[in-house]
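Everything on this sheet refers to the single structure shown next.
Since the model is a prediction, treat every value here as computed from it, not as a measurement.
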Amino acid sequence: MRRIVALSLFGLVAATPLAAQFEGTVNMKMSAPTGGGTGEINMKISVKGDRSATVMSMPASSGPMAGMEIHSIFDPKANTMTTLMPMIAGMANIPGMQNAKGLKTVVDLSKAGQMSAGRAGATGAVPEADIKKLGTSETIAGMSCDDYEITSNGQPMRMCMTSALGRFTLPQMGGGMGRGGATTPPAWSRAFGSKPMFPLKVWSTDGKMAMEVTSVQKGSVPESMFEIPDGYVDMAAMMGGMGRPPKP
């Protein structure tokens, strides 16, 4: 009898996941350079296990993109970030864009670091950031997080990190427009790599806020959030067709 009970308990433990994966929505605000200086971008991230889909609302200072919503979808299996940008005034005059919904860019996250290093004239990969746990903690948006200092190229940033929300991946745009492809992500956003760490707050040592989570809501996220819709023109293919092939 004891053996049966023990086996039953073992089976129950074996069937229980080691850590429940988060599913829900994370809202945050982030300071970012725009065409008119620095603006505040509101971001809504839908998280379902190791996948995420982000909607960025562009500020009034972002020129022709002001008020637009840009969608980015992170695929952990392919390690890619697909960004969908709506049509901008005048874009319909570009050959091949007449009936398009907008532009699509696909960034290979495993190569993004090498691309940014090459654009800076470096010969190797982007230098690894020095990560120091500060031994303090905070509660932000109802969640506990631990403070870290991240230093890259002599530039220190502070981050309050949680492991309860999975991996954070900052949306990136580029993938074929201009030199180098993807935009260069800030060092703090890639400091923890593929580890399941999510920043609830990021700020510089002089106190200026770079990013802060304002709310975290658990709830079901529909599969449609992670689907790539038709009707968007691939930016790399378009640039190649215009006689400017994308650089690897």
Side-chain angles (χ1 to χ4, degrees), residues 19 21-22 26-34 37-45 47 50-52 54 56 59 72 74 76 79-81 83 107-174 180-216:
Q21 290 185 309
F22 176 79
V26 179
N27 291 288
M28 64 174 62
K29 55 184 179 181
M30 182 176 71
S31 297
T34 62
T38 300
E40 186 176 280
I41 297 177
N42 291 312
M43 298 173 63
K44 181 177 180 180
I45 305 178
V47 181
D50 57 354
R51 294 178 294 166
S52 62
T54 303
M56 296 187 295
S72 295
F74 169 56
N79 200 24
T80 57
M81 178 71 72
T83 299
V107 174
D108 184 341
L109 297 177
S110 66
K111 298 178 181 179
Q114 282 79 1
M115 284 191 287
S116 59
R119 189 158 56 246
T123 57
V126 173
E128 291 186 6
D130 178 58
I131 303 174
K132 180 172 68 175
K133 193 171 185 178
L134 300 179
T136 55
S137 61
E138 303 180 47
T139 299
I140 299 171
M143 301 192 72
S144 177
C145 56
D146 297 318
D147 291 326
Y148 290 81
E149 184 170 275
I150 312 298
T151 304
S152 178
N153 288 328
Q155 299 293 325
M157 291 290 288
R158 299 281 173 85
M159 304 172 67
C160 199
M161 307 293 293
T162 178
S163 59
L165 298 176
R167 174 184 175 182
F168 174 77
T169 306
L170 187 69
Q172 298 179 45
M173 289 178 285
T183 55
T184 306
W188 62 260
S189 70
R190 59 179 188 268
F192 288 87
S194 60
K195 294 179 181 178
M197 300 290 283
F198 198 105
L200 296 183
K201 185 172 71 172
V202 181
W203 69 104
S204 58
T205 51
D206 61 5
K208 293 182 180 179
M209 192 66 62
M211 190 208 80
E212 185 172 15
V213 169
T214 55
S215 67
V216 178

Smallest separation among heavy atoms of Val216 and Leu165, with atom names
CG1-CD2, 4.0 Å
Would you say that Trp203 contacts Met159 through its side chain, given a criterion of any heavy-atom pair below 4.5 Å between the two side chains?
no
Return the set of residues passing side-chain hydrogen bond (donor to acceptor under 3.5 Å, both in side chains) with Ser144 (not counting sequence neighbours), or none when no residue passes.
none
What distance do Leu200 atom CG and Glu212 atom CD have between them, rounded to the nearest 0.5 Å?
9.0 Å
Hey, could you give me each pair passing salt bridge (charged side-chain N to carboxylate O under 4.0 Å, His left out) that has a residue in residues 196-207? Not counting sequence neighbours.
Glu138-Lys201
As an exercise, state the distance from CE of Met43 to OG of Ser72, rounded to the nearest 0.5 Å.
7.5 Å
For Leu170 and Met81, which heavy atoms make the closest approach, and how far apart are they?
O-CE, 3.9 Å
Asn42 side, atom CG; Glu40 side, atom CD - distance, nearest 0.5 Å
5.5 Å
From Ser194 atom OG to Leu109 atom CG, the distance as rounded to the nearest 0.5 Å:
11.0 Å
Taking all heavy atoms of Ala191 and all of Ile131, pick out the closest pair and write down the distance.
O-CD1, 3.4 Å
Checking Asp147 against Thr136: is there a side-chain donor and acceptor pair closer than 3.5 Å?
yes
Tightest non-hydrogen contact, residues Met211 and Pro199, listed as CE-O, 3.1 Å
Where do Ile140 and Val213 come nearest, in terms of heavy atoms and distance?
CG2-O, 3.7 Å
Hey, does the side chain of Asn153 reach the backbone of Gln155 with a donor-acceptor pair shorter than 3.5 angstrom?
no
To the nearest 0.5 angstrom, please state how far the CE atom of Met161 sits from the OG atom of Ser137.
14.5 Å
To check you understand the geometry: which heavy-atom pair defines the closest contact between Met209 and Val202, and what is its length?
SD-O, 3.4 Å
Minimum side-chain heavy-atom gap Phe74-Thr80 below 4.5 Å
no
Using side-chain hydrogen bond (donor to acceptor under 3.5 Å, both in side chains) as the criterion, list what pairs up with Glu149, not counting sequence neighbours.
Arg158
Sorted by chain and number, sequence neighbours left out, ring pair (Phe, Tyr, Trp, His ring centres under 6.0 Å) with Phe198 holds for Phe168
Who pairs with Asn27 by side-chain contact (heavy atoms from CB on, under 4.5 Å), at least two apart in sequence or on another chain?
Thr25, Lys44, Thr214, Ser215, Gln217
In Å, rounded to the nearest 0.5 Å, how long is the span from CG of Leu134 to CG of Asp146?
9.5 Å
Partners of Asp50 by side-chain hydrogen bond (donor to acceptor under 3.5 Å, both in side chains), sequence neighbours excluded?
none
Would you sort out whether Val107 and Thr83 count as a side-chain contact (heavy atoms from CB on, under 4.5 Å), showing the intermediate values?
CA-CA 8 Å; Val107 174; Thr83 299; 5.9 Å; no
